[in-house]
2 protein chains.
Amino acid sequence: MSEIQSAPPAAAIAEADVPWLSDDEQRAWRAYLRGSRALEVILDAELQAVGVSLAEYELLSMLSEAPCLTMRMSKLADQTVQSRSRVTHTATRLQRRGWVERHPAPDDGRGIQLHLTDDGLAAVRFAARVHATGVQEHLIRQMDPALFRSLGDAMDKVRTHLLGEQPANYNP
Amino acid sequence: MSEIQSAPPAAAIAEADVPWLSDDEQRAWRAYLRGSRALEVILDAELQAVGVSLAEYELLSMLSEAPCLTMRMSKLADQTVQSRSRVTHTATRLQRRGWVERHPAPDDGRGIQLHLTDDGLAAVRFAARVHATGVQEHLIRQMDPALFRSLGDAMDKVRTHLLGEQPANYNP
DNA sequence: CAACAATGGTTGATATTTCAATTATTCCCC
DNA sequence: GGGGAATAATTGAAATATCAACCATTGTTG
């Protein structure tokens, strides 16, 4: 984010051989940064109000959709774009609440399968309603469907670029 | 995020009186979640590599554009969508590095003006190049200009909804 | 002008995240 | 089959973020 635009220091202009952002790009990027931050803040707060953080919810939600309510730690980390370490810690906390269990992976001695318990399923079902409502209200309702589709397309390109080809709802 | 789609538990379907997400919405929302997370991760990592976190960079960058390189703590918090407490802590760390100074606000006895030092300005100028390059590479280059504009528009609507009317580059 | 609410900012305890090892297992390949 | 590289997950310490309580000042109201 260049400080050059609103207070151009003579020295800095000379070295403009790197792709600065144009005014329009700058504006769009700022809107993105602030909007996405605010969105995450409110969705997290709404979930916290019912006792789950957004990060926790994402894990639980992935699990709830997985076959047998079970998924490997590393896949969970990949799909939620969280570090392995973070998933480990979060899983430990969820386990303390009795929402998940750890089981050794049958096929790979190094692996752990995280399994959603009945209590966990109940919790995530409840949270899912809160979350879906929030997404509708704060994101989808704020624009017409075409624009929302564009948003999805745009972010899908970013996702693909950074994370590779798997589609948004890939499971195996 | 409803678990209903890929593993519909009979019980949950009955209580469908809340706005679940449609398949398309779900896909777009997932793309957004993962894409935005991945984007933040990489932009943060690129900045960390030159010694600044994204959160720190945002503060420094705002300061660098402000008149007299100076801004009130609370405005900084508002504009970066961070809590006041967080801004306080971050400012303290930046101060330890000699990048910002605190001065009492002339007009309001409660207020503090954060001022960017010369070292801070140098640091943010350097970081800005890294950041702008990352935004170009990972976001802008990944889509055609029209789509990027749509992205900006979409997030601007979200921002307005959640944060109010101020435009993305409002200063006073 | 006295009370009292609201604002601006800080503080410190607590919770979470990151980071750099560490362990165990599997994969590869000679 | 043995040795080393890669992968899966965990650990604990350090960095950072959140939360609630707090102090000082300002604004408001009667």
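In the text below, chain A, chain B and the rest are named by the order of the sequence lines, each starting its count at 1.
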Q. Can you check the Leu76(A) CG to dT7(D) C1' distance for me, whole Å?
A. 17 Å
Q. Taking N and O atoms by type only, does the side chain of Ser53(B) place a donor or acceptor under 3.5 Å from a partner on the base of dT16(D)?
A. no
Q) When the nearest nucleotide of DNA chain D is assigned to Arg110(B) and to Arg72(A) on a heavy-atom basis, which residue is associated with the more 5' position? A) Arg72(A)
(Q) Base of dT17(C), side chain of Thr90(A) - is there a donor-acceptor contact under 3.5 Å? (A) no
Q) Do Arg84(B) and Met73(B) touch side chain to side chain, with heavy atoms closer than 4.5 Å? A) no
Q: Report the distance from atom CG of Asp44(B) to atom P of dT18(C), rounded to the nearest whole Å.
A: 9 Å
Q) In terms of side-chain heavy atoms of Met73(A), which of dT16(C), dA9(D), dG12(C) is nearest? A) dA9(D)
Q: Classify the side chain of Ser83(A) and the base of dC19(C) as holding, or not holding, a donor-acceptor pair under 3.5 Å.
A: no
(Q) Please classify the nucleic acid contact of Ser74(A) as base, sugar-phosphate, or nothing, using heavy-atom distances under 4.0 Å. (A) sugar-phosphate
Q) Any donor-acceptor pair under 3.5 Å joining the side chain of Arg86(A) to the base of dT18(C)? A) no
Q: Rounded off to whole Å, could you give me the CZ-to-P distance for the Arg84(B) and dA6(C) pair?
A: 15 Å
Q. Testing Leu116(B), Leu60(B), Leu114(B) for side-chain contact (heavy atoms from CB on, under 4.5 Å) with Leu94(B), which one passes?
A. Leu60(B)
Q. Is it true that Asp78(B) and Lys75(B) make a salt bridge, defined as a side-chain N closer than 4.0 Å to a carboxylate O?
A. no
Q: Rounded off to whole Å, could you give me the CZ-to-P distance for the Arg93(B) and dA17(D) pair?
A: 5 Å
Q | Nearest-neighbour nucleotide for the Asp108(A) side chain, dA8(D), dA20(D), dT17(C) considered | A | dA8(D)
**Q.** Nearest-angstrom distance from the residue atom CG of Leu54(A) to C1' of dT16(C)
**A.** 14 Å
**Q.** Distance, rounded to the nearest Å, where Ile112(A) contributes CD1 and dT26(C) contributes C1'
**A.** 15 Å
Q.
Quick test of your reading of the model: are Arg30(B) and Glu58(A) salt-bridged, counting only N-O distances below 4.0 Å?
A. no
Q: Answer with yes or no after comparing the ring centroid distance for His131(B) and Trp20(A) against a 6.0 Å cut-off, counting only values under it.
A: no
Q.
If you go through the side-chain atoms of His89(B), does one of them form a donor-acceptor pair with the base of dG9(C) closer than 3.5 Å?
A. no
Q.
In this structure, how many angstroms lie between the P atom of dG8(C) and the CG atom of Leu114(B), rounded?
A. 16 Å
**Q.** Gap between atoms NZ and P, on Lys75(A) and dA9(D) respectively (whole Å)
**A.** 12 Å
